[in-house]
Amino acid sequence: MSCMGAFLGLRCTTRARPFQGAARARWLLLGGVSIGTTGVWLMHFIAMRGFTIPGETIDYNVPVTILSLLVVVVIVCAGLLIVGFGRDRYTSLLLGGVITGIGVAVMHYLGMAAMRMPGRVTYDPGLLIISVVIAVVAATAALWAALELHGIGTTLAASLIMGLAVSGMHYTGMAAMHVFPAGGPSGMMMGGAGGATAESFLLPLILGITVISFVLTATIALSPSAEEIRYDAALLDHIRRPRPAARAPPGSVRCSSGSGPPSSSVAGSWPPSRSVRCSSGSGPPSSSEYCPDAGFSVMSAS
């Protein structure tokens, strides 16, 4: 799920490149929501379903759990916007990577603080710092991939690396955690009211976000690529651009509508409302000829 969330987010940032202003911001925000929810938050709580304490039931504080989701989404979106709209690419990349990585780490430890069980928790400082460094490096690499990678193959490879890095950060943070009985001398007490079971609270959220993620992945996979978006934008710009009136070279054929003097000019419009005769000014018209510049069916002079 972490790899799929990263892939979905990176494809959104790829779609954002050809756009400017609000259109780019929308794609970047969608990418931030994808990475934050599926790539980070969902992975964390799926992994937490595999964490047990023998003889104890682990519940989760609902407000703190929801806060962890909002925090990671907001911070990842902020990092993508910094990179997507920053003027200095490398400064924006470093700043966005640090902010996003810290957001991922904050989400992890908020999610851990949401646990409710009869026990105390402490963290090994060295492993905790390593987990934060992994999160910052993974976030910076993901933002670099959002800037530089274009093809679906390279995006897939980057998403696999990012998913492994985010998962590695999670399990490093889990290795830093030590749980003691509630009567222990030190540690953060994990008891308290307001807990909900994983089956009644987390499982519906996990299933719902998973289904939405698969739908979004299929939708974005079928949407136009960045190159196709650029081509369509250039084509529309070419169609809408006004063209200057072409000057007839010396000795060229003059076009007239037949109702006015031969010297009257005809504005080329498409499709034409009536046929136009072209003549050189001498002799009767004979064979039909197609005039590609004006786009009319005309008569050539004999």
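Excluded from the calculations below are hydrogen atoms, water molecules and symmetry mates; all remaining heavy atoms, backbone and side chain alike, are included.
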For Thr210 and Ile206, run side-chain contact (heavy atoms from CB on, under 4.5 Å): C-alpha distance rounded to whole Å, both residues' side-chain angles, the deciding distance at 0.1 Å, then the answer. CA-CA 6 Å; Thr210 301; Ile206 290 172; 4.2 Å; yes

When you measure from the side chain of Ser2 to the backbone of Gly39, do you find a donor-acceptor pair of N or O atoms at a distance under 3.5 Å? yes

Please find the pair of heavy atoms, one from Ala139 and one from Gly101, that lie closest to each other, and give the distance. CB-N, 3.5 Å

When you look at Trp41 and Thr65, which way does the side-chain contact (heavy atoms from CB on, under 4.5 Å) test go after all the steps? CA-CA 10 Å; Trp41 188 89; Thr65 303; 3.8 Å; yes

Which value, rounded to the nearest 0.5 Å, describes the distance between Met4 atom CE and Thr38 atom OG1? 5.5 Å

Are Leu81 and Leu29 packed together at the side-chain level, in the sense that at least one heavy-atom pair is separated by less than 4.5 angstrom? yes

Below 4.5 Å, heavy atoms only, C-beta onward: do Leu30 and Arg15 meet side chain to side chain? no

Decide side-chain contact (heavy atoms from CB on, under 4.5 Å) for Leu80 and Thr13; before the verdict, give the C-alpha distance in whole Å, the side-chain angles of both, and the deciding distance to 0.1 Å. CA-CA 8 Å; Leu80 286 178; Thr13 57; 3.9 Å; yes

Please name the pair of heavy atoms, one in His108 and one in Met169, separated by the smallest distance, quoted to 0.1 Å. CB-CE, 3.6 Å

Do you know which two heavy atoms are closest between His170 and Ala47, and how far apart they sit? NE2-CB, 3.3 Å

Between CG on residue Leu94 and CG on residue Leu143, distance to nearest 0.5 Å: 10.0 Å

Side chains of Tyr60 and Arg116: does their closest heavy-atom pair fall under 4.5 Å? no

Do Phe51 and Tyr123 land in one hydrophobic cluster if side-chain heavy atoms of ILVMFWY residues count as linked below 4.5 Å? yes

State, yes or no, whether a side-chain contact exists between Cys77 and Val74 at a heavy-atom distance under 4.5 Å. no

Atom of Ala138, atom of Ala165 and distance for their closest heavy-atom approach: CB-CB, 3.4 Å

Is there a path of hydrophobic side-chain contacts, each under 4.5 Å between heavy atoms, that joins Ile130 and Leu164? no

Closest non-hydrogen atoms of Val64 and Ala114, given as atom of the first, atom of the second and distance, are CG1-CB, 3.7 Å

Out of curiosity, Leu93 CG to Trp144 CH2, how far, rounded to the nearest 0.5 Å? 9.5 Å

Evaluate the side-chain proximity of Thr140 to Val136: yes if any heavy-atom separation is below 4.5 Å, no if none is. yes

Is Ile66 reachable from Ile46 through a run of hydrophobic residues whose side-chain heavy atoms are each under 4.5 Å from the next? yes

Do Phe85 and Leu28 have side-chain heavy atoms sitting under 4.5 Å apart? yes

Separation between CD1 of Ile134 and CG of Leu127, rounded to the nearest 0.5 Å: 9.0 Å

Out of curiosity, does Ile99 fall in the hydrophobic cluster containing Val137 (side-chain heavy atoms, cut-off under 4.5 Å, transitive links)? no

Got a second to check how far Ile209's CD1 is from Met1's CE, nearest 0.5 Å? 8.5 Å

Closest heavy-atom contact between Tyr109 and Ser131? OH-OG, 2.8 Å

Quick one: CE on Met174 to CE on Met48, what's the gap to the nearest 0.5 Å? 4.0 Å

Before you tell me yes or no, could you show the steps for Met107 and Ile75 under side-chain contact (heavy atoms from CB on, under 4.5 Å), namely the whole-Å CA-CA distance, both residues' side-chain angles and the distance that decides it to 0.1 Å? CA-CA 10 Å; Met107 178 270 132; Ile75 295 182; over 6 Å; no

Should Leu70 and Met43 be counted in the same cluster of Ile, Leu, Val, Met, Phe, Trp and Tyr side chains packed under 4.5 Å apart? yes

